[in-house]
Every structure is written in C-alpha cells, then in structure tokens.
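Predicted, not measured: the structure shown is a model, and the values here were computed from it. Both backbone and side-chain heavy atoms feed into the values below; hydrogens, waters and symmetry mates do not.
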Amino acid sequence: MTSMAYNAASGLGGMLKDGHKHWDNAILRNIDAATELSNMVQTSLGPFGRHKLLVNHLEKMSVTSDCATILRELEVEHPAAKLLAMASQKQKEECGDATNLVVSFAGELLRQTSQLMNMGLHVSEVIAGYQEASKVLFEELPKCVCEEELTDEADLTRIIAPVIGSKQYGIQDELAPLVVKAGLCAEGKPDAVRTVKVLGGAVSDSRMVAGYVAQRPVETSTVSAENCKVVVFACGMEASTTEAKGTVLMKSAEDLKSYNASEERKMEEIIQAIVESGVKVAVTGGSISEMALHFCNRYKLILLKLGSKWELRRLCQAVGATALVRLGPPTPDEMGYCEAVYPETIGGKSLTFFESSQTKLATLILRASTHGMLQDIERSVDNGVHAFQQARRSKGACVPGAGATEFYLAQQVSQKADVSPGLDQYAMRSFAAALQVVPRLLAETAGHNASKLVADMSASLDDFTGVDLEKGIVGKTEILDLLNTKTSAFQLALDAALTILRVDQIIMSKKAGGPK
C-alpha cells in the first residue's frame with residue numbers, strides 16, 4: 001500500500017491537508033456574518049449617514065461614510081461577508097454610487113431569510129421566492145423613470161449633486177457644477193479627470209482647470225508663456241553619457257579647456273535648436289544639469305521637471321505631445337500646444353498651470369481645512385465623475401430618489417405576492433420588506449421617526465413619495481437617482497445574497513506561509 005491511501009474513518013479531515021478548516025451547515029453562519037457587516041455600514045447610508053473612523057494596518061487614519069472605502073480598509077476575511085464587500089467594490093468601479101445600497105439591501109434580504117427559516121421554510125423555497133420577486137422588480141424599475149434626456153449642464157448637475165451630497169452633505173452645491181464641467185471637458189472619461197489637493201481654505205475655493213496642473217514650480221527664471229508649443233522629454237536634460245566607462249587623455253590645460261568648451265557648445269546647439277523649432281516650454285522626466293539650465297535661461301525657454309512617468313503621460317494627454325527619449329528638437333507631430341502656462345501659489349503650494357480650451361483632460365483643485373476632509377472630498381468627486389459617465393451612457397434616464405423608488409417597488413412586489421399561490425408568497429413579502437429598508441434607514445440616520453414616515457408613505461396617494469430628510473415629512477421628491485445605478489445595485493445585491501444562500505459548507509485550505 002502507498003502512503004496516499006485514504007483512511008475512511010478519519011472523514012473529511014483525513015482527505016485534506018493538515019491545517020484546513022471546514023464548517024458544515026454554514027447557511028446560518030454565513031447569514032450572521034453578512035448581516036453583521038450590513039449592520040455596521042447601514043448607519044452610513046444617505047446624506048445624514050454616520051462617519052466611521054478607520055485605522056488600517058499601517059496606522060493610517062481616515063474618516064469617511066463611503067461604504068466601499070470602509071470595507072476596503074477593514075480587509076474582511078469571512079468568505080460570505082467578503083462576497084458583499086466585492087459586490088460593493090464592483091458597484092463603485094462601475095457606477096460610483098449606491099455602494100451602501102448593495103450591502104444594506106443584501107444584508108436585509110439575508111436577515112429576512114433567517115426569519116423565514118425559523119418559520120420552517122427551506123432555503124430552496126426562499127431562493128425561488130426571491131427570484132420571482134426580482135422578476136417583478138426588474139420589470140417595474142424601468143416604469144419608474146421620471147425624467148429622460150437630461151444631457152445639458154444644468155440637468156447633469158441635478159443628477160450629480162445627490163451623489164456628492166450622500167458622502168459630504170452641504171458641499172454638493174459647490175462641487176457638483178465643477179464635476180460636471182470637468183466631465184464635459186474630459187468627455188465623460190473618469191481617467192481624464194484628476195484632482196490636486198491643497199490644504200487650507202474652504203470648499204468654495206475649489207475650482208476646475210481645463211488642462212494639467214503640476215504640483216511644483218518651474219526651474220527657470222522665465223515662468224509664463226501664452227500660445228506656446230510644448231515639448232516633453234522622457235529623458236534628462238543633460239549631456240549623454242556612454243554605457244561603458246571611457247578614458248580621456250589630456251596633456252595640457254588647453255586640452256581641458258577645449259573639452260569643456262565642446263560639451264558646452266553641444267548643449268547650446270541642442271537648446272538653440274529646440275527654441276528655433278518654435279518651442280517655448282520644455283518638460284523633462286529626468287535630471288537637469290546646471291549647464292542645460294543656464295542655456296534655457298539664456299534662450300528664455302521655460303523648463304519644468306516631473307519625476308513621475310504617470311504625470312508625464314497626463315501632461316502629454318493634456319497638451320497633445322509625444323514623450324521623446326532623445327534630447328533634441330522635436331518634429332511638428334511630436335510637439336504639444338498650450339494656450340497658457342503660468343505659475344500660481346495656492347495655500348503655500350507652488351503650482352504650474354497648463355491651460356488649453358482644446359484639451360481632453362481636466363484638473364480639479366480641491367480645498368479643505370483638514371487632510372481627512374480633503375480625502376473624503378476626493379472620494380466624493382471620484383464617485384461624481386463615475387456617476388457622470390453613467391449619466392452620459394444612459395442619456396440621463398433617472399428615477400425618483402429619497403427612498404421613493406424602493407418603496408414603490410416594495411408595493412408592487414407585495415401586490416404580486418398577494419396573488420401568488422404556494423410558499424413563494426412568504427419569500428416575496430420578505431423581499432418587499434427588505435426593499436423598505438432604504439426609506440427607513442434614511443429617516444433613522446436623519447433622526448426622524450422611521451416607523452411614522454414609512455406609515456405616511458403607505459398612506460400617501462402618490463405613486464412616488466420620498467422622504468424629506470430636512471423637514472422630516474414625506475412628499476413628492478426632487479432628488480434624482482440614475483436608472484443604471486439603481487439597476488446595477490439591485491442586481492449585485494441580489495446575486496450576492498443568493499450566492500450566500502446557496503452555500504451549505506465552507507472549506508478553507510491551510511494558509512500559505514507555514515504555521516504562525
């Protein structure tokens with residue numbers, strides 16, 4: 001017999017390597033883990049949601065109410081809870097908004113499932129009921145569209161304002177117009193909108209620049225130019241050296257003088273040729289020699305050094321230049337163009353601006369009084385830019401916000417459950433109750449009586465009644481949510497919840513790296 005013989009008496013433990021872990025009947029364990037995670041982030045839902053103070057493994061502290069950021073910093077380990085975290089992260093990447101809705105709705109579905117199982121329903125019956133209810137949800141959701149073809153700047157600002165306000169309430173009126181302008185400049189591409197954070201001042205001091213902003217001053221005495229051609233060098237602005245070591249034999253002082261003179265003459269020819277090609281601004285990604293800097297000052301050539309290759313790529317994108325790996329005059333196709341290059345000091349930070357009306361890159365200069373608020377504003381802007389992209393894709397198709405859409409869908413699912421035979425109707429009613437978690441949480445985080453407001457919404461004669469969080473009443477809402485964002489959030493939450501319910505056993509192999 002070989003050593004690989006399987007000992008049947010040892011069960012699953014004899015089949016797997018030492019150090020593995022496994023749990024049978026894991027459904028309730030998974031539900032408990034997922035609902036615990038949901039309970040933690042639910043209080044951060046909406047514009048009045050509570051912030052979390054997070055300290056990661058590097059002792060970096062951040063204060064935020066952004067669900068995706070909270071889950072990323074927590075480094076969730078439980079496999080079932082990790083599914084919710086992954087769904088929330090995917091929602092952030094795709095839509096930029098409704099990340100908390102994914103986790104809260106999925107957690108509420110699982111909480112309702114636990115109650116149904118205590119009543120005696122089997123998991124398969126619960127899943128079948130949820131699937132039937134989801135069909136009603138996705139059939140009715142497109143019927144909730146209240147406005148379409150919102151493509152001009154004012155309408156897009158109405159869409160973006162709730163996205164930013166849900167993370168930092170009170171600053172959406174200042175930031176939403178800037179995000180829309182940046183999105184229009186960048187043609188809706190999130191990668192083409194970058195941010196520069198400057199500590200100090202107020203949020204109202206933030207502004208949008210059509211072009212690129214370098215976070216350092218120029219190296220030369222000439223600092224500004226208009227209607228200028230730009231050349232970008234990926235190499236350094238210095239005399240080239242040989243790859244192998246060389247030896248120069250000098251027999252007299254004249255040899256030394258002529259050697260230095262030839263090097264100076266060569267560098268002057270290069271700088272002169274660059275200036276004669278029409279270039280007024282040069283940007284380099286490498287080191288700058290004193291000799292090169294001297295001749296740049298003599299010929300009034302603006303010189304800027306950028307140490308990051310990513311910053312060089314962004315600048316090339318902004319001005320339409322090609323990064324050169326050789327030091328010399330560029331061809332017309334390799335040059336970029338900029339309408340204005342000028343320095344400015346903001347909050348004690350020296351910046352260099354490259355502005356152009358033809359550029360497809362936008363820069364948002366963000367101001368705030370603390371580092372934590374700057375980081376949270378940056379995340380809000382990122383969410384707003386992704387929401388802008390979704391608005392352009394869907395041509396501005398919007399549904400009512402403030403919990404109105406979720407409550408309407410809950411009523412439709414409940415009506416379908418009333419006429420459904422069999423045990424599916426219990427799961428469908430639980431699905432409808434899970435949808436009502438959104439208006440309830442919005443009211444609770446704002447400090448209002450959630451039960452009273454939900455009852456007022458049920459008694460209202462209007463189809464789409466939302467929660468006015470400032471006044472604590474229900475009525476016709478002016479808040480808009482993107483249809484694509486809502487659809488994606490419901491789909492991801494439902495898929496995550498059903499995946500967790502289908503798992504009856506968790507088997508984890510031994511972690512790599514040996515014993516700890």
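A heavy-atom distance below 4.5 Å is found between the side chains of R194 and R314. Side chains of V399 and L482 form no contact here, defined as non-hydrogen atoms less than 4.5 Å apart. Contact check for L498 versus Q131: side-chain heavy atoms found under the 4.5 Å cut-off. By the 4.5 Å heavy-atom criterion applied to side chains, L184 and R392 are counted as neighbours. At least one side-chain heavy atom of V437 sits under 4.5 Å from a side-chain heavy atom of Q42. Residues V203 and I377 have side chains in contact (heavy-atom distance under 4.5 Å, counting atoms from C-beta outward).
The OG1 atom of T99 sits 9.0 Å away from atom CD of Q89, with the distance rounded to the nearest 0.5 Å. Here D418 contributes atom CG and M428 contributes atom CE; the two are 9.0 Å apart, rounded to the nearest 0.5 Å. Rounding to the nearest 0.5 angstrom, the gap separating the CG atom in N30 from the OG atom in S114 is 12.0 Å. With rounding to the nearest 0.5 angstrom, the CD atom of Q375 is 9.0 Å from the CE atom of M61. Distance CG/L71 to CG/D66: 9.0 Å, rounded to 0.5 Å. Rounded to the nearest 0.5 Å, atoms CG (L175) and CG (L366) are 7.0 Å apart.
Under a 3.5 Å cut-off, the side chain of R502 and the backbone N or O of S124 do not form any donor-acceptor pair. With hydrogens and angles disregarded, no donor-acceptor distance shorter than 3.5 Å links the side chain of Q491 to the backbone of S488. Listed for the S38 side chain is no donor-acceptor partner under 3.5 Å among the backbone atoms of A34. Within the 3.5 Å criterion, the main-chain N or O of R50 finds a donor-acceptor partner in the side chain of S44. When atom types are taken as modelled, the side chain of D382 and the backbone of E378 share no donor-acceptor pair closer than 3.5 angstrom. Of the possible donor and acceptor atoms, none in the side chain of D495 sits under 3.5 Å from a partner among the backbone N and O of L492. Distance alone, capped at 3.5 Å, is enough to place a donor-acceptor pair between the T445 side chain and the L442 backbone.
Salt bridge K135/E139: absent, no basic N to carboxylate O contact under 4.0 Å. Of the charged side-chain nitrogens involved, none lies within less than 4.0 Å of a carboxylate oxygen, so that R158 and E153 do not count as a salt-bridged pair. Classification of D32 and R29 as a salt-bridged pair fails, no side-chain N sitting under 4.0 Å from a carboxylate O. One finds a salt bridge joining K486 and E406 here, because a Lys/Arg side-chain nitrogen approaches an Asp/Glu carboxylate oxygen to under 4.0 Å. A salt bridge links R207 and E344; the closest N-O separation between the charged side-chain nitrogens and carboxylate oxygens is under 4.0 Å.
Between C95 and Q390, the closest heavy-atom pair is CA-CG, 3.9 Å. Scanning both residues, A496 and L84, for their nearest heavy atoms gives CB-CD2, 3.8 Å. The shortest heavy-atom contact between L37 and A81 is CD2-O, 3.4 Å. Of all heavy-atom pairs spanning I31 and M117, the tightest one is CD1-SD, 4.2 Å. The two atoms that bring R313 and W310 nearest to each other are NH1-CZ3, 2.9 Å, heavy atoms only. Residue P400 comes nearest to C144 through the heavy atom pair CD-O, 3.2 Å, listed as atom of the first residue, atom of the second, then distance.
Annotation: M86, atom CE; neighbour count of heavy atoms from other residues, nucleotides and ligands within 6.0 Å does not exceed 12. For NZ of K349, the number of neighbouring non-hydrogen atoms (other residues, nucleotides, ligands) closer than 6.0 Å is greater than 12. Atom NZ of K52 sits in a crowded spot, with more than 12 heavy atoms from other residues, nucleotides or ligands closer than 6.0 Å.
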Next item on the list: Begin from the C-alpha positions of Q112 and Y130 and carry the test side chain to side chain contact (heavy atoms under 4.5 Å, CB included) through to its verdict.
Entry: CA-CA 11 Å; Q112 295 288 338; Y130 283 173; 3.7 Å; yes
Next item on the list: Give the intermediate values and the outcome of side chain to side chain contact (heavy atoms under 4.5 Å, CB included) for residues L315 and L306.
Entry: CA-CA 10 Å; L315 178 61; L306 294 177; 4.0 Å; yes
Next item on the list: Mind running side chain to side chain contact (heavy atoms under 4.5 Å, CB included) on S206 and I365 for me, showing each step along the way?
Entry: CA-CA 5 Å; S206 303; I365 300 176; 6.0 Å; no
Notebook entry, point to check: Given R379 and D376, is the side chain to side chain contact (heavy atoms under 4.5 Å, CB included) satisfied, shown in steps?
Noted result: CA-CA 5 Å; R379 285 188 285 265; D376 216 25; 3.4 Å; yes
Next item on the list: Please lay out, stage by stage, how Q115 and R111 fare under the test side chain to side chain donor-acceptor pair (under 3.5 Å).
Entry: CA-CA 7 Å; Q115 297 175 6; R111 187 179 292 107; over 6 Å; no
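Checked against the 6.0 Å centroid threshold, F490 and F105 count as a close aromatic pair.
Here side-chain hydrogen bond (donor to acceptor under 3.5 Å, both in side chains) pairs that include residues 357-371, with residues two or more places apart or in two chains, are E339-S357.
With L409 as the fixed residue, the side-chain contact (heavy atoms from CB on, under 4.5 Å) test singles out one of V136, L435, V438: L435.
A donor-acceptor pair shorter than 3.5 Å can be found between the side chains of E311 and Y212.
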